[in-house]
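Sequential numbering from 1 along the given sequence is applied to the chain's residues.
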Amino acid sequence: MKATVAKPLYFLPLLVYPAMLFASVSHSYGDGDAFAPVTEENDSTQWNDLDEFVVTKKKAGTLKMSNVENSYLINQSELFKAACCNLGESFTTSPSVDVSYSDAATGARQIKLLGLSGTYVQMLTESLPAFRGAASPYGFRYVPGPWMKSIAVSKGSSTVKNGYESITGQINIEYLKPQDEQGVTANAYFDSDMKLELNADGNLHIKEGLTTELLAHFEDRFGAHDMNDDGFADMPDIRQVNLSNRWQWRTGRYIFHGGLSMINEKSKAGQTGHTHAGETTAHPYLIDLYTRRYEGYMKHAYVTDPDHNGNIAFAGSVNMHQLDATFGHKGYAVNEKGAYAQLMYETDFTEAHKFSGGLSFNYDFLGQHLRRTHDATSAERIIDREAVGGAYAQYTFIAGERLMVMAGVRGDYSTRWKWFVTPRLNVKVTPLEGFNLRASAGKGYRTVHPWAEYNYLLASGRTMVSDRLQQEEAWNYGLSADYAWHLGAHTLRFNAEYFYTDFKSQAIVDYDSAPGLLTIAQLDGKSYSHTVQADVTWETPFGLSLTGAYRLNDVKSTFGGKLMEKPLTSRYKALLTASYSTPLELWQFDATFQLNGGGRMPAPYALPDGSMSWGERFGAFPQLNLQVTRWFRHFSIYIGGENLTNFKQKNPVVWSGDPWSNAFEPTVVWGPIHGAMAYAGIRFNFGRL
């Protein structure tokens, strides 16, 4: 079976890559192919070096990195502390990133960083922009957990190398590498919600310098899921097939990376065939999403001056994303095509002075068909098209171990927005060994594609409309301090941080201004986010690692002329994680407890029976996750449970008995929509076959 698959894939890149010459780059390869040896200095400015950190398989997983940006790394050992079926489920133990359901109909997950929606986080896969536009609402389930080698999270102002879209930070995903140790691994997972998942990856070292890798993923959720008996599925039935083939070729001073991937996903949700009263539904309200996504990327780099880490690199990516979505008789279909390219030069003038500069180009085309009411004759055709070309320069100054400054600026020209400039500055001061102070300031911009990014809101019974939106624009400022106290081979680490995001232009989801409308509105007034966080991590000498964190959010926007709390946003989050390994590391026990604070609900409205849709606020709620892993030489077995407090949001689907009315509302979700869940899985490492 392997020979049948591998041989055609061997020749496929030779046919496809020449057609991909408008593509993208990050600094000398986002997947760990920097030409300089990894040091604390070059790691502070190079995302591509993140996967070069050496960590043992079962040791502490989340590392605070000593670089100029406020960033940390989630490696495989941290990912193994939970089932991590996909990217959206990989932040369970993170004190900084929140993950929740965006609605009770499609199963889409959204993240929040610094109290704001994940649309303000620039998503990168190996330093290439990813999951933009139509992929953004559902993209977190497109990255299988077993495929990931690490996740790097940078908060606040970050490098200008990867573009202008980062406002609250960047999340960079590193996949398993073709050049990793040759072998085959596999993972099987099943849970009490009837989800089956199978993953496999294998790499082959064809000859010296030439390696390839094949990644495969299949998942299927089946059966009825209506635990609250309201006639609506609590979660969708999803069937996904995900394949990726990646290559590396290294010869002399030249390195090439390239790959192709495809995703085919079908998701079904909606009424289960009966109402909450038990009556049969003649014309059930169904929600169907059918996604096809195809991607290709390539990266080229040549070392021009090994003594000064001088190199020139070109990289690029192309993608096509097709989505056909129906919400009752409403509908949204999009055919999105995108291309990204970047040319970069980097050098170290001296150990203290480093420079990076480059050119970039990005193109987006979205051909969309929209039906925003249940009237089949209400179809609209919408075309979004934008091309952006730009240039950047970034300078890094390193004064020994005491001071590091990274200053960057980029200028871009958009066919929609004309010229705009993105400045960013990061400073790190180390007055004492192990004690770091950081400050950052920077700007970010983003083009909004309202129907592509918010199409899941079509499930609402309200009429969805969109203002004429401007380019989003915001400043982000940050201050942080961390201290690592080394107790022999063990560390006690403290961290405190504050971030302020100030929007000059923003698209907001407005539930409040008009009861019958759900508006993607242009901000008219103030909008900001203040976040304060403190956390402590202790790696004890007894095989036990503990993390405690507390974060306070103050997020407000102007709705209908009034400055109010942003709805469905928790005011605070408290987190406690514990991980224990037995002395021989044969057993591992992991526990995560979260307490999510309450917040404001959108303005309630009267239902047809005279009752109100919901209260004015939602309360705090706890969640507990546990997992036990038994390690063997070539495999491991794990069992666990999620949301073991069994907390569920009551009536997440409002007026479920009549989904065709404008009182129907499944998109106001603030908490878990299904209760306790148990799971089990097995991971194999077959080694070289």
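Across Q470, E472, E386, Q471, a single residue satisfies side-chain hydrogen bond (donor to acceptor under 3.5 Å, both in side chains) together with T447, and that is E386. With H217 as reference, N199 is the one residue of L243, V241, N199 to meet the side-chain contact (heavy atoms from CB on, under 4.5 Å) rule. When each of R446, R132, R385 is paired with D364, the salt bridge (Lys or Arg N to Asp or Glu O under 4.0 Å) condition holds for R132 and for no other.
Applying the 6.0 Å contact sphere to CD of E380 captures more than 12 heavy atoms from other residues, nucleotides or ligands. The neighbour count for D305 CG, taken as heavy atoms of other residues, nucleotides or ligands under 6.0 Å away, is above 12.
The heavy-atom pair separating A474 from I167 by the smallest distance is CB-CG2, 3.8 Å. Scanning both residues, L469 and I520, for their nearest heavy atoms gives CD2-O, 3.8 Å. The minimum heavy-atom distance linking V99 with G88 is given by the pair CG1-O, 3.0 Å. Listed here is the closest heavy atom pair of A135 and E336: N-OE1, 4.3 Å. Nearest heavy atom pair, residue Y72 against residue S96, reads OH-CB, 3.7 Å. A pairwise comparison of heavy atoms in M406 and Q394 identifies SD-NE2, 3.4 Å as the closest pair.
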- Query: Stepwise, does the ring pair (Phe, Tyr, Trp, His ring centres under 6.0 Å) test hold for H353 with F355?
  - Reply: CA-CA 7 Å; H353 304 279; F355 172 79; over 10 Å; no
- Task: Please step through side chain to side chain contact (heavy atoms under 4.5 Å, CB included) for the pair F499 and Y477, ending with a clear verdict.
- Result: CA-CA 6 Å; F499 286 93; Y477 309 92; over 6 Å; no
- Task: Begin from the C-alpha positions of T212 and I206 and carry the test side chain to side chain contact (heavy atoms under 4.5 Å, CB included) through to its verdict.
- Result: CA-CA 7 Å; T212 187; I206 299 171; 4.1 Å; yes
- Message: Run the side chain to side chain contact (heavy atoms under 4.5 Å, CB included) test on D348 and T396 for me, step by step, so that the C-alpha distance in whole Å, both residues' side-chain angles and the decisive distance to 0.1 Å come before the verdict.
- Response: CA-CA 9 Å; D348 297 347; T396 303; over 6 Å; no
- Message: Let's go through D324 and Q322 carefully: what are the C-alpha distance in whole Å and the side-chain angles of both, what is the deciding distance for side chain to side chain donor-acceptor pair (under 3.5 Å) to 0.1 Å, and is it a yes or a no?
- Response: CA-CA 7 Å; D324 295 301; Q322 298 174 322; over 6 Å; no
- Task: Please assess M320 against F365 for the test side chain to side chain contact (heavy atoms under 4.5 Å, CB included), listing each intermediate value before the final yes or no.
- Result: CA-CA 10 Å; M320 181 171 68; F365 171 85; over 6 Å; no
- Message: Before you tell me yes or no, could you show the steps for Y332 and H369 under ring pair (Phe, Tyr, Trp, His ring centres under 6.0 Å), namely the whole-Å CA-CA distance, both residues' side-chain angles and the distance that decides it to 0.1 Å?
- Response: CA-CA 6 Å; Y332 175 75; H369 290 271; 9.5 Å; no
- Kindly indicate, with the supporting measurements, whether the criterion side chain to side chain donor-acceptor pair (under 3.5 Å) is fulfilled by Y120 and Q506. CA-CA 10 Å; Y120 302 114; Q506 186 184 19; 3.1 Å; yes
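Here the two rings, on F420 and Y164, have centers that are under 6.0 Å apart.
Not a single donor-acceptor pair under 3.5 Å links the side chain of S244 to the backbone N or O of L215. Using a distance-only test at 3.5 Å, with no hydrogens or angles considered, no donor-acceptor pair links the side chain of N436 to the main chain of D482. Side chain of T519 to main chain of A521: no donor-acceptor pair is present (N/O by atom type, distance under 3.5 Å, no hydrogens or angles). Looking only at distances, no side-chain donor or acceptor of T168 sits under 3.5 Å from a matching main-chain atom of G156. A side-chain donor-acceptor contact under 3.5 Å links N245 to the backbone of E213. Counting only distance, with no hydrogens or angles, the side chain of R410 and the backbone of T422 share no donor-acceptor pair below 3.5 Å.
In this structure, L79 and I74 have side chains that are in contact, with non-hydrogen atoms separated by less than 4.5 Å. Counting heavy atoms from C-beta outward, F503 and L116 have side chains that approach closer than 4.5 Å. No side-chain heavy atom of S317 sits less than 4.5 Å from a side-chain heavy atom of E295. For the pair D98 and I111, the minimum side-chain heavy-atom distance is 4.5 Å or more. Between Y254 and W249, some side-chain heavy-atom pair lies under the 4.5 Å cut-off. Here the side chains of L403 and V427 are in contact, with some heavy-atom distance below 4.5 Å. Residues K155 and L113 are in side-chain contact: their nearest non-hydrogen atoms beyond the backbone lie under 4.5 Å apart. Q76 is not listed as a side-chain neighbour of S150, based on a closest heavy-atom distance of 4.5 Å or more.
Salt bridge R141/E265: present, at least one basic N to carboxylate O contact under 4.0 Å. Taking a cutoff of 4.0 Å between a charged side-chain nitrogen and a carboxylate oxygen, R246 and E126 qualify as a salt bridge. With salt bridges taken as basic N to acidic carboxylate O contacts below 4.0 Å, one links E174 and K177. Between K149 and D180 a salt bridge is recorded (basic side-chain N to carboxylate O distance below 4.0 Å).
Residues passing the side-chain contact (heavy atoms from CB on, under 4.5 Å) test with N553 are T531, R551, V555, sequence neighbours excluded. Residues passing the side-chain contact (heavy atoms from CB on, under 4.5 Å) test with R402, sequence neighbours excluded: T430.
Ring geometry for Y500 versus H530: interplanar angle under 30°, hence parallel rather than tilted (30 to 60°). Ring geometry for F397 versus Y395: interplanar angle under 30°, hence parallel rather than tilted (30 to 60°).
Inspection of the S154 and S71 side chains reveals no N or O donor paired with an N or O acceptor under 3.5 Å. Side-chain atoms of T291 and Q240 form no donor-acceptor pair, as typed in the model, at a separation below 3.5 Å. S480 and N70 form a side-chain donor-acceptor contact under 3.5 Å, judged by distance and modelled atom types alone. Side chain to side chain, K443 and Y445 meet the donor-acceptor criterion of an N or O pair below 3.5 Å.
Note that R292 lies in the cation-pi zone of Y290, set by a 6.0 Å cut-off to the ring centre and a 45° limit from the axis.
Atom OG1 of T125 sits about 12.5 Å away from atom CD1 of I151, to the nearest 0.5 Å.
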